[in-house]
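Worth knowing before you read on, the calculation uses all heavy atoms, side chains too, and leaves out hydrogens, waters and symmetry mates. Remember, it's a predicted structure, so these values are computed and weren't measured experimentally.
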Amino acid sequence: MQEIKGKYAVITGGTRGIGLATAHALAEEGVNIAVIGRNPDTLKDAVGELQNHGVQVVALNGDVSNKEDVDRMLDEVNDAFGRIDILINNAGIMNHTTFLDSSEEDLRKMMDVNVFGIYHMMHGILPMMKQQGQGDVINISSMSGLKGTKGSSLYSATKFAVIGMTEGVMQEMRQHNIRVSYLTPSAVLTDLIGETGLKEETMTHAEDMADIIVSQLKLNPRTFIKTSQMWATNPTPKGQ
């Protein structure tokens, strides 16, 4: 295992859910954190929490689907950190509309955030990592990126795209000692997932995802886990 204390990480969608849990877990390891969020209030709250870990914390307010926002935020984090060792692409949105009830706007909005957001972040940060000769990128996809389900056709389309893009980028970046991987969690207890009908204590929690991410980042740089699936061990319906 390698030491990650002192590294510099950027986390999109870092003000709640998996992103915030991962920010806390990395900060506990001594990693300096740049958190990206669209809501100034939740961003301020997240930064206040993270500063308690005694690491450098940078707040980046912007929308990853907007290239101009991304360029500005990366300039800000580069001024603050001087380098980026870790990129966690967690920002995403979901729509449970059935295909025939959906609109082109629904699909474009999810593609903008879930796919182009990751594209903009990797396109901006990977050149820095190439210059450094090392780096880690973890993209959060979904089980919906492996198998479409009723009511998730548009969301699945975006998450399939994340996997395809990540697979290709991974092959291109290996020669530069940059590890690019993706995770495909099943339902995780966050605001994004909504009502599941399951007992909360039996679901996968954001903190569980954070533990997996930290463990992968601590692997010796000579190897990495390209992808992994996260399932709740025994999800139990409410009332049972």
Side-chain angles (χ1 to χ4, degrees), residues 11-23 35-43 46 60-70 73 87-123 137-167 169 182-200 203-206 208-210 213 227-232 235 237-238:
I11 304 175
T12 72
T15 63
R16 59 182 183 174
I18 295 171
L20 182 57
T22 301
V35 179
I36 293 178
R38 292 187 296 180
N39 185 306
D41 293 331
T42 57
L43 184 60
L60 302 171
N61 182 215
D63 183 351
V64 295
S65 70
N66 184 300
K67 185 180 184 302
E68 288 72 26
D69 273 11
V70 170
M73 291 188 291
L87 168 61
I88 309 296
N89 278 311
N90 168 71
I93 59 175
M94 179 184 289
N95 186 318
H96 292 288
T97 306
T98 62
F99 181 77
L100 290 180
D101 289 331
S102 68
S103 67
E104 182 178 330
E105 182 182 0
D106 293 331
L107 179 57
R108 289 188 182 279
K109 186 174 181 180
M110 276 192 285
M111 287 293 292
D112 282 345
V113 177
N114 298 355
V115 181
F116 280 95
I118 291 178
Y119 171 83
H120 293 320
M121 293 300 299
M122 290 199 299
H123 211 261
V137 177
I138 298 179
N139 296 331
I140 308 299
S141 183
S142 168
M143 286 301 298
S144 293
L146 299 173
K147 180 182 179 181
T149 57
K150 181 179 179 180
S152 71
S153 55
L154 304 190
Y155 180 69
S156 289
T158 68
K159 291 302 186 178
F160 267 83
V162 168
I163 290 174
M165 180 165 57
T166 306
E167 289 269 2
V169 174
Y182 60 95
L183 305 181
T184 56
S186 186
V188 180
L189 183 61
T190 65
D191 294 340
L192 182 67
I193 197 66
E195 178 57 44
T196 64
L198 300 173
K199 290 183 178 179
E200 293 184 0
M203 295 178 65
T204 298
H205 286 217
D208 304 326
M209 292 293 299
I213 290 169
T227 182
S228 54
Q229 300 179 18
M230 296 85 217
W231 289 69
K238 293 177 181 177

Side-chain (Thr158) to main-chain (Met111) donor-acceptor, under 3.5 angstrom: no

Do Met165 and Asn139 touch side chain to side chain, with heavy atoms closer than 4.5 Å? no

Closer than 3.5 angstrom, by distance alone: can the side chain of Ser141 be matched with the main-chain N or O of Lys159 as a donor-acceptor pair? yes

Ser152 versus Ser144, closest heavy-atom pair with distance: OG-OG, 4.3 Å

What are the two closest heavy atoms between Val115 and Ala161, and how far apart are they? CG2-CB, 3.8 Å

For the atom pair CD (Glu104) and CG (Leu154), what is the distance rounded to the nearest 0.5 Å? 11.0 Å

As an exercise, state the distance from OG of Ser142 to CE of Met230, rounded to the nearest 0.5 Å. 11.0 Å

Separation of Thr149 OG1 from Met143 CE (nearest 0.5 Å): 10.0 Å

Report yes if the side chains of Lys109 and Ile93 come closer than 4.5 Å at any heavy-atom pair, otherwise no. yes

Which atom of Ala91 lies closest to which atom of Val64, heavy atoms considered: CB-CG2, 4.1 Å

Report the distance from atom CG of Asp63 to atom CE of Met73, rounding to the nearest 0.5 Å. 7.5 Å

Is Val70 close to His123 at the side-chain level, that is, under 4.5 Å between some pair of heavy atoms? no

Less than 4.5 Å apart, any side-chain heavy atom of Met121 and any of Ile118? no

Measure the CE-OG1 distance between Met110 and Thr97 for me, rounded to the nearest 0.5 Å. 7.0 Å

For the backbone of Ser65 and the side chain of Asp112, can you confirm whether one donor and one acceptor N or O come within less than 3.5 Å of each other? no

Measure up the Phe116 and His120 rings against each other and bin them: parallel (under 30°), tilted (30 to 60°), perpendicular (over 60°). tilted

So Thr42 and Arg16, side chain to side chain contact (heavy atoms under 4.5 Å, CB included) or not? Walk me through it. CA-CA 8 Å; Thr42 57; Arg16 59 182 183 174; over 6 Å; no

Any side-chain heavy-atom pair from Asp106 and Ser103 closer than 4.5 angstrom? yes

Within the 4.5 Å heavy-atom criterion, are Thr204 and Trp231 side-chain neighbours or not? no

Considering non-hydrogen atoms only, spot the tightest contact between Tyr182 and Thr166 and give its length. CD2-CG2, 3.7 Å

Under a 4.5 Å cut-off applied to non-hydrogen side-chain atoms, are Ile213 and Ile88 in contact? yes

Close side-chain approach of His96 to Tyr155, heavy-atom, < 4.5 Å: no

When every non-hydrogen atom of Ala46 is compared with those of Leu20, the smallest separation belongs to CB-CD1, 3.9 Å

So if I apply the side-chain contact (heavy atoms from CB on, under 4.5 Å) rule between Ile140 and each of Thr12, Leu183, Thr184, Asn114, which one comes out positive? Leu183

Treating Ser102 as the side-chain partner and Phe99 as the backbone partner, does any N or O pair qualify as donor plus acceptor under 3.5 Å? yes

Could you state the interatomic distance from CG (Asp41) to CG (Asn61), rounded to the nearest 0.5 Å? 9.5 Å

